[in-house]
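As the structure is a computational prediction, the values presented were derived from the model and not from experiment.
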Amino acid sequence: MRTRLLRMAVATASLVLCLTACAPATVAPDTVSPPGPADGPVVSFYGDSYTRGTGASSPERRWSSVISAERGWYEINRSENGLGFVNRRASMRDGLDDIPALVIADDPDIVFVTMGLNDNFSYDDRADAIRRAIDSDLERLREGLPDARIIVVEPFWYTDERPASVDVIAGWVQDAAARIGADHIAGASRWLDGHYAGSPDSWMAADGLHPDDTGYAEMTERMDAALRALEPPL
C-alpha cells in the first residue's frame with residue numbers, strides 16, 4: 001500500500017463535550033498532527049472522545065497525536081464525541097454516519113479502532129445490534145483495506161463503576177479482531193483505574209468524564225508500550 005502525505009482536513013462534529021451526546025451536531029473540521037516524513041505511514045484513527053482528545057488542553061496532547069508524532073506517522077483522526085459502534089451513528093451528518101467508509105477512502109497504511117465505550121449506555125436495549133455492528137465495521141475495514149495493518153484496542157473506560165457490559169463488549173471486540181486477523185491491544189479499559197473523577201489523584205478533566213493532560217500522557221505511555229510489544233512491533 002502506498003504511503004504518502006495526505007493534504008486534507010478531517011471532518012468531525014462540533015459537539016458538547018460528553019460521552020453520551022446524541023443530539024445532531026454542526027460538522028466542523030478537526031486538526032491533524034504535524035505531518036511526518038513525506039514517505040511516512042498514513043494512519044487513520046476510528047474512535048470516540050478518548051481518541052479525539054476531548055479533555056486535553058490541545059489536540060497535540062491526545063495520545064494518538066503524540067504516538068503519531070513520535071513515529072513519524074501522518075495522523076488522520078476521525079474520532080467523534082459520543083460515538084460507538086451503535087451509539088450516535090444514526091444522528092451523524094454529512095457522511096459521518098459511516099466513518100468506516102471514510103477510513104477506507106483514506107487508504108491508510110495503519111488503522112486504529114478504539115470504539116465501544118459509549119455502547120455500554122445502549123447495551124441493555126441494543127446488545128445484539130452492538131455485536132453485529134462490531135463485526136460489520138471490522139469486516140468492512142478488512143475487506144476495504146486488505147493490505148493495511150489494523151490495530152483494535154480494547155474499549156476505554158471512565159469510572160470506578162464498571163458494569164458487566166464493559167467486559168462483554170470488550171470480548172466481542174477482541175473476537176472480531178481475531179476473525180479479521182487484526183492486532184489486538186488488551187487491558188485499555190483499566191489504564192485509568194484508580195485515577196477517575198473523585199480520586200485524590202484524579203487524571204480526569206473538569207467535566208469528570210474525560211482524561212486531562214496527565215491522563216492522556218498515561219494513555220500515551222501505555223499505548224506506546226503495547227505497540228512495541230506487538231509482533232512485529234510498531
Side-chain angles (χ1 to χ4, degrees), residues 10-33 44-69 75-89 91-92 96 99 112-123 151-163 165-167 169-170 173 185 187-224 226:
V10 180
T12 56
S14 175
L15 301 170
V16 176
L17 301 184
C18 66
L19 289 171
T20 57
C22 293
T26 301
V27 174
D30 192 10
T31 59
V32 295
S33 62
S44 289
F45 292 83
Y46 173 37
D48 52 37
S49 56
Y50 273 51
T51 301
R52 182 180 170 90
T54 301
S57 61
S58 69
E60 291 76 17
R61 291 182 178 272
R62 63 191 177 194
W63 68 265
S64 62
S65 295
V66 177
I67 289 288
S68 296
E75 176 190 12
I76 305 175
N77 195 315
R78 294 198 175 278
S79 305
E80 294 291 334
N81 291 324
L83 188 64
F85 289 104
V86 165
N87 264 40
R88 288 205 66 234
R89 293 286 279 267
S91 66
M92 301 291 276
L96 294 179
I99 292 178
F112 278 77
V113 179
T114 59
M115 297 275 286
L117 185 161
N118 292 294
D119 294 302
N120 287 278
F121 307 118
S122 300
Y123 179 82
I151 315 297
V152 178
V153 181
E154 178 178 297
F156 302 122
W157 192 239
Y158 76 106
T159 180
D160 286 322
E161 183 179 351
R162 188 180 176 94
S165 60
V166 174
D167 293 324
I169 292 172
V173 168
I185 292 177
S189 67
R190 297 285 188 181
W191 286 357
L192 300 177
D193 275 6
H195 302 278
Y196 299 117
S199 166
D201 187 23
S202 175
W203 296 341
M204 305 300 279
D207 65 5
L209 300 174
H210 300 94
D212 60 12
D213 287 347
T214 300
Y216 281 114
E218 176 67 17
M219 293 174 71
T220 300
E221 184 176 331
R222 296 289 193 101
M223 188 66 73
D224 179 73

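- The shortest non-hydrogen separation linking Met204 to Ala197 is CG-N, 3.3 Å.
- With values rounded to the nearest 0.5 angstrom, Leu96 atom CG is found 8.5 Å from Arg88 atom CZ.
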What's the verdict on side chain to side chain contact (heavy atoms under 4.5 Å, CB included) for Met223 and Val153, showing C-alpha distance, side-chain angles and the deciding distance? CA-CA 9 Å; Met223 188 66 73; Val153 181; 4.0 Å; yes
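- Between the CZ atom in Phe156 and the OG1 atom in Thr51 there is a gap of 4.5 Å [rounded to 0.5 Å].
- Heavy atoms only, all atoms of each residue included: Ile169 and Pro155 are closest at CG2-CG, 4.3 Å.
- Residues passing the side chain to side chain donor-acceptor pair (under 3.5 Å) test with Ser189, sequence neighbours excluded: Glu154, Arg162.
- Under the 3.5 Å distance criterion, the side-chain polar atoms of Asn118 are left unmatched by any main-chain donor or acceptor of Asn87.
- Between Pro163 and Phe121, the closest side-chain pair of non-hydrogen atoms is not below 4.5 Å.
- In this structure a side-chain-to-backbone donor-acceptor pair under 3.5 Å is missing from Asp212 to Gly55.
- With no hydrogens or angles considered, no side-chain donor-acceptor pair links Thr159 and Glu161 at under 3.5 Å.
- Taking the six-membered ring for Trp and thresholds of 30 and 60 degrees, His195 and Trp203 have nearly parallel ring planes, at less than 30 degrees apart.
- Partners of Glu218 by salt bridge (charged side-chain N to carboxylate O under 4.0 Å, His left out), not counting sequence neighbours, listed by chain and number: Arg222.
- To the nearest 0.5 Å, the span separating CZ on Phe45 from CD1 on Ile99 amounts to 14.5 Å.
- Remark: Leu117 CG to Leu83 CG distance equals 11.0 Å, nearest 0.5 Å.
- Rounded to the nearest 0.5 Å, atoms OG (Ser64) and CD (Glu75) are 4.0 Å apart.
- Side-chain atoms of Ser202 do not come within 3.5 Å of backbone N or O of Gly198 as any donor-acceptor pair.
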Carefully, step by step, assess Tyr158 and Asn120 under the rule side chain to side chain contact (heavy atoms under 4.5 Å, CB included). CA-CA 11 Å; Tyr158 76 106; Asn120 287 278; over 6 Å; no
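- Looking only at atom types and distance, the side chain of His210 has a donor-acceptor partner in the side chain of Ser49 under 3.5 Å away.
- With hydrogens and angles disregarded, a donor-acceptor distance shorter than 3.5 Å links the side chain of Asp213 to the backbone of Ser57.
- The distance from the OG1 atom of Thr54 to the CZ atom of Arg62 is 9.0 Å, given to the nearest 0.5 Å.
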Assess the residue pair Arg61 and Val66 against the criterion (side chain to side chain contact (heavy atoms under 4.5 Å, CB included)); give the C-alpha distance rounded to whole Å, side-chain angles, the decisive distance to 0.1 Å, and a yes or no. CA-CA 6 Å; Arg61 291 182 178 272; Val66 177; 5.5 Å; no
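- Between the side chain of Ser65 and the main chain of Glu60, no donor-acceptor pair closer than 3.5 Å is present.
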